[in-house]
Peer 1: 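Take a look at the following structure, please.
Below, read A as the first sequence line, B as the second, and so on, with proteins coming before strands; counting in each chain starts at 1.
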Amino acid sequence: MYPFELHRPASIADAAALLAKTGGKALAGGQSLVAAMKLRLAQPGHVVDLSGLAELKGIRREGDAVSIGAMSRHADIASSDVVKGAIPALAALAEGIGDRQVRNVGTIGGSLANNDPAADWPAAVLGLNATVHTNKRKVPADEYFRGMYETALADDEIIVSVSFPVPKKAAYAKFPNPASRFALVGVFVALSGPGVRVAVTGAASSVFRCKPLEDALARSFTAAAAKAVKVDAAGLNADLHGSPAYRAHLVSVMAARAVTSAG
Amino acid sequence: MAVTLSLTVNGKAVNATVDPRTLLVELLRNQLGLTGTHVGCDTGQCGACTVHVDGRAVKSCNLLAAQANGAVVVTIEGLAAADGTMHPMQAAFKECHGLQCGFCTTGMVMSAIDLVNRHPKASEATIREELEGNLCRCTGYHNIVKAVAQGAAAMAK
Ligand SMILES: Cc1cc2nc3c(=O)[nH]c(=O)nc-3n(C[C@H](O)[C@H](O)[C@H](O)COP(=O)(O)OP(=O)(O)OC[C@H]3O[C@@H](n4cnc5c(N)ncnc54)[C@H](O)[C@@H]3O)c2cc1C
Ligand code: FES
Ligand code: FES
């Protein structure tokens, strides 16, 4: 790891000012950032530790939504009674991330800022049409994810919380890579007042909505309807874990499993 | 610029001055001489470096020492009683022969205790699922799972 200077600000304003001034990186759980710094894939000269910022903590029901603070760890979300009561699909998704030690440290804010193409949280945020609240603005899910490891966040922008509207039904089904537990393909389906949304992670360079599945499930919210959809393999990832055609097939299969578990 | 940390390690107050890039496992092994915590992969995969931070199992190779500032850290050296009596989970690993070379064992024991704290009556399936973050190259896991079940029963007494 290259040397860096560590800052431990006590307010969001100070943290944002430090990021702007130094061009440094925010540190949440470090499960992605510290790993990347060790490999010298990331080499920030300044690291701004967000753990002292109280505003980034806490999980609350707010009207028709659940608000989850950016520094909430995956394990906290998985065991939260508020989350389990309102959107159990989120608790189940959190419980399926990586392994216990990673869930004990990694945060939802870190995962969303990182936007790994195979990460789980992006599927929930896009599938539930959540809103990402930052220190500057509120970003709707459809505008937040911009591409591989790319988001709408500016360099000195800090995720404060994520607000998930409570759906009628929702579920996430992941086909995990057996070694890393990241999604080879993960599909989040949600049925709510405005309709059906289907978000797919792991299959392409970034999370995306699958219109053919959304249309099919809007007509009939059944596993059979999901399974009957032939997903286009064009543009999907090809790597040693699976071909585009294999991933395309998995998208319908995982969507069907998600619909079944949504009940 | 160095950062100063104060934390509790195995019940003792520790004040340390470290380069910010010091990993928690480096602080434990190199500065505090607690070499029971092992480094297997150094990439966050194998769990050999598992310790408890505020009661939760974490991989100490994937955490800056500075992230444990103010925390209560427990390593394998902190488990036995003052008179040397092993923790019930350590004893169970010994009795069930839940190890061969022993390299993964300290991390396994730390993860096992965290899992039993949350699932006191864990089924075999839960034990296997919860040990996802700990790799063993020797045992085939069978005796490890047996040890965790026996350790859980002993911890309940
Ligand atoms: C062994 C292993 C297995 C894993 N398996 C999975 C898996 O199955 N599924 C999955 O989804 N993930 C997985 N992960 C990734 C894990 O979920 C990480 O915790 C997560 O991607 C990053 O969260 P973090 O809190 O550790 O963030 P950090 O590593 O601290 O930060 C990541 C990035 O986000 C930025 N950042 C952090 N917080 C904020 C904020 N509030 N505002 C703005 N920017 C911010 C940082 O600057 C950095 O660029 C795995 C990781 C490991 C090590
Ligand atoms: S040495 Fe830390 S996970 Fe392998
Ligand atoms: S006993 Fe050798 S790695 Fe587990």
Peer 1: Sort out for me which of B:L64, B:T43, B:D19, B:V3 touches chain A most, counting heavy-atom pairs under 4.5 Å.
Peer 2: B:L64
Peer 1: Would you say A:K38 and B:C61 make side-chain contact, with heavy atoms under 4.5 Å?
Peer 2: yes
Peer 1: Among A:V105, A:L39, A:D99, which has the most heavy-atom pairs under 4.5 Å with chain B?
Peer 2: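 Sorted descending by pairs with chain B, the first entry is A:D99.
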Peer 1: Based on non-hydrogen pairs under 4.5 Å, which of A:Q31, A:E5, A:M37 is most in contact with chain B?
Peer 2: A:Q31
Peer 1: State whether the number of non-hydrogen atoms from other residues, nucleotides or ligands found under 6.0 Å of B:R29 atom CZ is greater than 12.
Peer 2: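 Count over threshold, so yes.
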Peer 1: Counting only non-hydrogen atoms closer than 4.5 Å, does B:D54 touch chain A with its backbone (N, CA, C, O), its side chain (CB onward), both, or neither?
Peer 2: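 Interface part for B:D54: neither.
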Peer 1: A:R181, A:R103, A:M1: which one forms the most heavy-atom pairs within less than 4.5 Å of chain B?
Peer 2: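 Among A:R181, A:R103, A:M1, the one with the most close pairs to chain B is A:R181.
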Peer 1: Rounded to the nearest 0.5 Å, how far apart are CZ of A:R100 and CG of B:L115?
Peer 2: 8.5 Å
Peer 1: Assess whether atom CZ of B:R137 is packed by more than 12 heavy atoms of other residues, nucleotides or ligands within 6.0 Å.
Peer 2: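 At most 12 heavy atoms, drawn from other residues, nucleotides or ligands, come within 6.0 Å of this atom.
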Peer 1: With only heavy atoms counted, which part of B:L135 is less than 4.5 Å from chain A, the side chain, the backbone, both or neither?
Peer 2: neither
Peer 1: Please identify, among B:Q67, B:E129, B:R56, B:E132, the residue contributing the most non-hydrogen atom pairs under 4.5 Å to chain A.
Peer 2: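 Counting heavy-atom pairs under 4.5 Å, the top option is B:R56.
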Peer 1: So B:K59 and A:V102, side-chain contact (heavy atoms from CB on, under 4.5 Å) or not? Walk me through it.
Peer 2: CA-CA 8 Å; B:K59 293 173 181 167; A:V102 169; 4.0 Å; yes
Peer 1: Say whether B:S111 and A:Q101, considering side chains only, have a donor N or O and an acceptor N or O under 3.5 Å apart.
Peer 2: yes
Peer 1: Check this for me: B:N15, atom CG, are more than 12 non-hydrogen atoms of other residues, nucleotides or ligands nearer than 6.0 Å?
Peer 2: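 It does: B:N15 CG has more than 12 such atoms within range.
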Peer 1: Would you mind checking which part of A:A28 comes under 4.5 Å of any heavy atom in chain B, side chain (CB onward), backbone (N, CA, C, O), both or neither?
Peer 2: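 For A:A28, the backbone is the part near chain B, not the side chain.
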Peer 1: Are B:R21 and A:P3 side-chain neighbours, meaning at least one heavy-atom pair lies under 4.5 Å?
Peer 2: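 Contact flag for B:R21/A:P3 side chains = yes.
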Peer 1: Checking heavy atoms, do the side chain of A:L27, its backbone, both or neither come under 4.5 Å from chain B?
Peer 2: side chain
Peer 1: Take atom NE2 of A:H249 as the centre, draw a 6.0 Å sphere, and report whether it contains more than 12 heavy atoms from other residues, nucleotides or ligands.
Peer 2: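 Result for NE2/A:H249: open.
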Peer 1: What closest approach, in Å, do A:L6 and B:P20 show between heavy atoms, and which atom pair accounts for it?
Peer 2: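 Nearest pair, atom of A:L6 first, then B:P20: CB-CB, 3.9 Å.
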Peer 1: Would a distance-only check, ignoring hydrogens and angles, find a side-chain to backbone donor-acceptor pair under 3.5 Å from A:N104 to B:A57?
Peer 2: yes
Peer 1: Provide the closest heavy-atom pair for B:L63 versus A:V34 in the form atom of the first, atom of the second, distance.
Peer 2: N-CG1, 4.3 Å
